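What follows is one structure encoded as structure tokens, with my remarks underneath.
Only a predicted model underlies this, so the values are computations on that prediction, with no experimental measurement involved. Note: hydrogens, waters and symmetry copies are ignored here, and every other heavy atom, side chains too, is used.
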Amino acid sequence: MASLRWMRLRPQEAALLAITAVWGSTFLLVHWAMQHSGPWFFVGIRFLVAGAISVVIFRRVLRGIRWRDIGAGVAIGVMIYLGYGLQTLGLQTIDSSTSAFITAMYVPLVPLAQWAVFRRRPPVMAFVGAGLAFVGLLLIAGPDAFALSLGAGEIATMISTLPIAAEIILISVFAGRIDLGRITVIQLLTAGVLGLLTMPLVGEGVPEFSWIWVGCAVGLGAASCLIQLTMNWAQKSVSPTRATVIYAGEPVWAGVIGRIAGERLPATALLGGALVVLGILASELRLVLKRSRDDGNTPPDRALHPT
């Protein structure tokens, strides 16, 4: 019965599960958009659209904005910019399913990030999970990985997992301390502005008009607003470690959607993707075991939540 209590989803966890499906569907749209737009322009427009939507929703609370709201929003926004920017850069040369499975490596990194931030040593299974995820990455990358010649797309996507993990940690650090609406607006606008400012630094120009990148930018802007708002709200009561178990379904959704759209990963890449997901779940196995031994008196999300 204890394990069944652990599996029961609260509204916040159900919301995270729902946005995980939305998140998984975004990879394919970005991959399509990259055929008509540069990565940094698209990231800039995508998050400016998301920021504009959030401004409309939270316009009333912006009047009382404080410096700590700005600081927290900018810090998270920088991580969003780096994570999604590098991920989008990688999607120029790799398909959406591969990108999603590589990106999922951020989940085993979260316990390590918690160790650095909160001085809590992660369990052994966190390292086991990281090892499984790394082997999975090698299989996804293909034979070139064993020659230490990963492609630029795989490398950029792999690096993007670091700021994505940092984003999850920062959201938990600031959750409950600042206004939900203000931080959502600031982080989205920060990511959008930084994306456009990166264009001249890398020599990227404004693409020719295309309804494809326009439609993808608007659609993903709305999705990004929904995703970030839900994460900011739900992680007030859901610990980063607990949230990562839910986020583990994201590459699965991306793989399913990519296959429906016609992407065909080789058998070794599918095996690699399975190892990545297995590594993700293994890194959180200690949490499951702890819940199964729980006598029901400990709040579900406080066992590993930093104090």
(request) To the nearest 0.5 angstrom, please state how far the OG1 atom of T157 sits from the CD1 atom of I94. (result) 3.5 Å

(message) Looking at R177, I'd like to know if its CZ atom is crowded, meaning that more than 12 non-hydrogen atoms belonging to other residues, nucleotides or ligands lie closer than 6.0 Å.
(response) no

(message) Walk me through whether E154 and I102 qualify under side-chain contact (heavy atoms from CB on, under 4.5 Å).
(response) CA-CA 8 Å; E154 287 88 352; I102 296 176; 3.8 Å; yes

(message) Measuring from atom CZ of F27 to atom OG1 of T88, what distance do you get when rounded to the nearest 0.5 angstrom?
(response) 9.0 Å

For residues 50-64, tabulate all N or O donor-acceptor pairs below 3.5 Å that involve a side-chain atom, not counting sequence neighbours.
residue, atom, partner, partner atom, Å
S54, OG, A50, O, 3.4
S54, OG, G51, O, 2.7
R59, NH1, V56, O, 2.4

(message) Is there a side-chain contact (heavy atoms from CB on, under 4.5 Å) between M231 and I19? Walk through the geometry before answering.
(response) CA-CA 9 Å; M231 290 176 67; I19 66 161; 3.7 Å; yes

(request) Over all heavy atoms of both residues, which pair between A166 and M79 is shortest? Give the atoms and the distance, please. (result) CB-SD, 3.6 Å

(request) For the pair N232 (side chain) and L229 (backbone), establish whether a donor and an acceptor sit closer than 3.5 Å, ignoring hydrogens and angles. (result) no

(request) Measure across V22 and A223 and return the closest heavy-atom pair with its distance rounded to 0.1 Å. (result) CG1-CB, 4.0 Å

(request) Working to the nearest 0.5 Å, report the span between OG1 of T230 and CG of L180. (result) 9.0 Å

Could you pull out all donor-acceptor pairs under 3.5 Å where a side-chain atom in residues 212-221 meets a protein atom, sequence neighbours excluded?
residue, atom, partner, partner atom, Å
W213, NE1, E208, O, 2.9

(message) Using the ring centroid of each side chain, check whether Y84 and F47 are separated by less than 6.0 Å.
(response) yes

(request) Please report the C-alpha distance between Q87 and V43 in whole Å, then the side-chain angles of each, then the deciding distance to 0.1 Å, and finally whether the side-chain contact (heavy atoms from CB on, under 4.5 Å) criterion is met. (result) CA-CA 10 Å; Q87 183 190 92; V43 167; over 6 Å; no

(message) Is any side-chain heavy atom of V193 closer than 4.5 Å to one of Y81?
(response) no

(message) Starting from I159, can I reach L201 by hopping between I/L/V/M/F/W/Y residues whose side chains sit under 4.5 Å apart?
(response) no

(request) Identify the two heavy atoms, one from L89 and one from A156, that lie closest to each other, and give their separation to 0.1 Å. (result) CD2-CB, 4.3 Å

(message) Measuring from atom CD1 of I70 to atom CZ of R182, what distance do you get when rounded to the nearest 0.5 angstrom?
(response) 10.0 Å

(message) Quick check: closest heavy atoms across Q187 and I80, and the distance to 0.1 Å?
(response) NE2-CD1, 3.9 Å

(request) Say whether, by atom type as modelled, one donor and one acceptor occur between the side chain of T161 and the main chain of M158 under 3.5 angstrom. (result) yes

(message) To the nearest 0.5 Å, what is the distance between CD on Q12 and NZ on K236?
(response) 10.5 Å

(request) Among L189, L188, T184, T190, find the residue that satisfies the side-chain contact (heavy atoms from CB on, under 4.5 Å) test when tested with I186. (result) T190

(request) Would you name the heavy atoms of I183 and F174 that are closest together and state the gap between them? (result) CD1-CB, 4.4 Å

(message) Quick check for you: to the nearest 0.5 Å, what is the distance between W40 atom CH2 and E204 atom CD?
(response) 9.0 Å

(request) Say whether, by atom type as modelled, one donor and one acceptor occur between the side chain of S99 and the main chain of D95 under 3.5 angstrom. (result) no

(request) Of all the heavy-atom pairs spanning I178 and A72, show the shortest one and how long it is. (result) CD1-CB, 3.4 Å

(message) Quick test of your reading: applying side-chain hydrogen bond (donor to acceptor under 3.5 Å, both in side chains), list the pairs with at least one residue in residues 214-229, sequence neighbours left out, ordered by first then second residue.
(response) R46-S224, E167-Q228

